[in-house]
Number of protein chains: 2
Amino acid sequence: MKRDSRLSNVLHALLHMAEHDGPMSSDVLAKCMNTNPVVVRRTMGLLREHGIVSSARGHAGGWTIEADFRKVTIRQLYEALGEPVVFAMGNRNDEAQCLVEQSVNAMLDDAFVEAERLLLERFAAVTLADLATEFTRRHATHKRKSKHAS
Amino acid sequence: MKRDSRLSNVLHALLHMAEHDGPMSSDVLAKCMNTNPVVVRRTMGLLREHGIVSSARGHAGGWTIEADFRKVTIRQLYEALGEPVVFAMGNRNDEAQCLVEQSVNAMLDDAFVEAERLLLERFAAVTLADLATEFTRRHATHKRKSKHAS
DNA sequence: TTCATTGTAACTCCTATAGTTACATGAAAC
DNA sequence: GTTTCATGTAACTATAGGAGTTACAATGAA
């Protein structure tokens with residue numbers, strides 16, 4: 001499968017929306033994310049179902065943030081996307097009869113479950129506001145560096 | 001993509017081979033793993049390149065374990081398979097120019113890198129001998145339970 | 001010489017996201 | 001009320017890489 005980049009994409013979109021006054025259209029978001037407006041609508045639609053954004057049709061319509069940036073975690077976005085499969089690897093057969101296979105699966109599952117738990121904990125610990133702050137810091141650094149370079 | 005089950009598969013195969021005297025053919029391994037002999041050859045071939053198994057053609061040929069079960073870790077098998085991609089998710093573009101995207105990518109990468117590190121540490125901590133022991137334990141439990149049930 | 005077995009090329013199948021086209025629906029602007 | 005700008009959504013195609021399959025050459029023991 002091509003890798004699922006939806007989580008990365010919605011984060012990117014939400015941060016741009018936060019920097020922007022008024023609704024942003026799928027078209028504008030698609031251009032700034034280098035993708036297709038229909039893909040944007042599909043993905044943002046999942047966030048709308050969870051009350052994170054809203055959409056308005058017609059003239060001056062588009063996407064608007066509804067949720068509190070300080071309260072929405074990456075984990076919630078991951079859940080809004082339907083909790084996509086995390087790993088590209090896994091057991092062939094989770095209901096194996098073979099005892100050898102059961103042992104192997106149990107060991108691997110332990111490791112995968114623990115890694116997934118860590119990942120989701122990390123996601124739960126970061127809010128959109130944290131990311132926005134990090135962006136501001138990075139932006140300031142970038143400007144300082146540019147000034148030095150010139 | 002369908003999930004990559006090669007690691008699970010080679011573990012399954014190696015443990016069966018350990019329980020078996022003499023070489024095992026791709027055909028026999030394929031049957032006991034419910035797959036195809038060519039798939040077995042393809043995957044086992046990667047382990048052969050790392051000296052973990054050897055293969056012999058002709059009559060009474062097949063696959064033989066070469067490595068010391070106490071020294072081969074799951075991590076080494078993962079590496080022998082070419083370190084397959086761990087996550088089904090990821091950034092769209094790792095060389096983003098957009099500062100917003102860079103912030104998002106940096107945060108996500110941190111989380112993914114840490115989760116991957118944990119997973120590979122777990123893999124490095126388990127040898128084939130450990131797995132064989134675990135299988136023996138499970139097997140004993142299973143037999144005891146069967147006796148009680150009868 | 002026969003036959004079991006690996007080695008390997010060259011396909012098709014699978015599966016979920018991404019991308020695209022097309023068009024219906026809705027809402028503001030004029 | 002008509003135009004115009006949006007979203008909503010169906011219905012496709014493209015993509016990637018493992019898995020599955022067929023076919024056949026090469027090899028080695030009986």
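A, B, ... follow the sequence lines: proteins, then strands. Residue 1 opens every chain.
- The distance from atom CG of A:N91 to atom P of D:dG18 is 17 Å, rounded to the nearest whole Å.
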Could you go over nucleotides 7-11 of chain C and give all protein N or O partners under 3.5 Å, atom names and distances?
from, atom 1, to, atom 2, distance (Å)
C:dG7, OP1, B:R48, NH1, 2.3
C:dG7, OP1, B:S55, OG, 2.9
C:dG7, OP2, B:R48, NH1, 2.8
C:dG7, N7, B:R41, NE, 3.1
C:dA10, N6, B:R42, NH1, 3.4

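- Remark on the helix from C:dT1-D:dA30 to C:dC30-D:dG1: inter-end axis angle 10°, axes from five-pair C1' superpositions, rounded to 10°.
- Note: B:F123 and B:Y78 have tilted aromatic rings, judged against thresholds of 30 and 60 degrees for the angle between ring planes.
- In terms of position along DNA chain C, the nucleotide closest to B:G61 lies nearer the 5' end than the nucleotide closest to the other residue of the pair B:R92 and B:G61.
- Under the side chain to side chain donor-acceptor pair (under 3.5 Å) criterion, A:S25 pairs with no residue, sequence neighbours left out.
- The side-chain heavy atoms of A:V10 and A:V53, taken from C-beta on, include no pair separated by under 4.5 Å.
- Contacts between residues 13-36 of chain A and DNA chain C, defined by a heavy-atom separation under 4.0 Å, are made by A:T35, A:N36.
- Residue B:L118 shares its hydrophobic cluster (ILVMFWY side chains chained together at separations under 4.5 Å) with A:L118.
- Under the 4.5 Å side-chain criterion, counting only non-hydrogen atoms from C-beta, B:L14 is not in contact with B:V72.
- Between A:S5 and C:dA18 there is a side-chain polar atom (N or O) within less than 4.0 angstrom of OP1 or OP2.
- The CZ-C1' distance, from A:R6 to C:dG19, rounds to 14 Å in whole Å.
- Note on B:R3: every side-chain N or O is 4.0 Å or more away from OP1 and OP2 of D:dG18.
- Surrounding CG of A:N34 are at most 12 heavy atoms belonging to other residues, nucleotides or ligands under 6.0 Å away.
- When each of B:G58 and A:H59 is assigned the nucleotide of DNA chain C bearing its nearest heavy atom, the one mapping closer to the 5' terminus is B:G58.
- When ring centroids are compared, B:H16 and B:H20 stay outside the 6.0 Å threshold.
- Within 6.0 Å of atom CD in A:E83, more than 12 heavy atoms from other residues, nucleotides or ligands are found, so the atom counts as buried in its surroundings.
- Among residue pairs with one or both ends in residues 119-133 of chain B, those qualifying as side-chain hydrogen bond (donor to acceptor under 3.5 Å, both in side chains) are A:E114-B:R122, B:R117-B:E121, B:T127-B:D130; sequence neighbours excluded.
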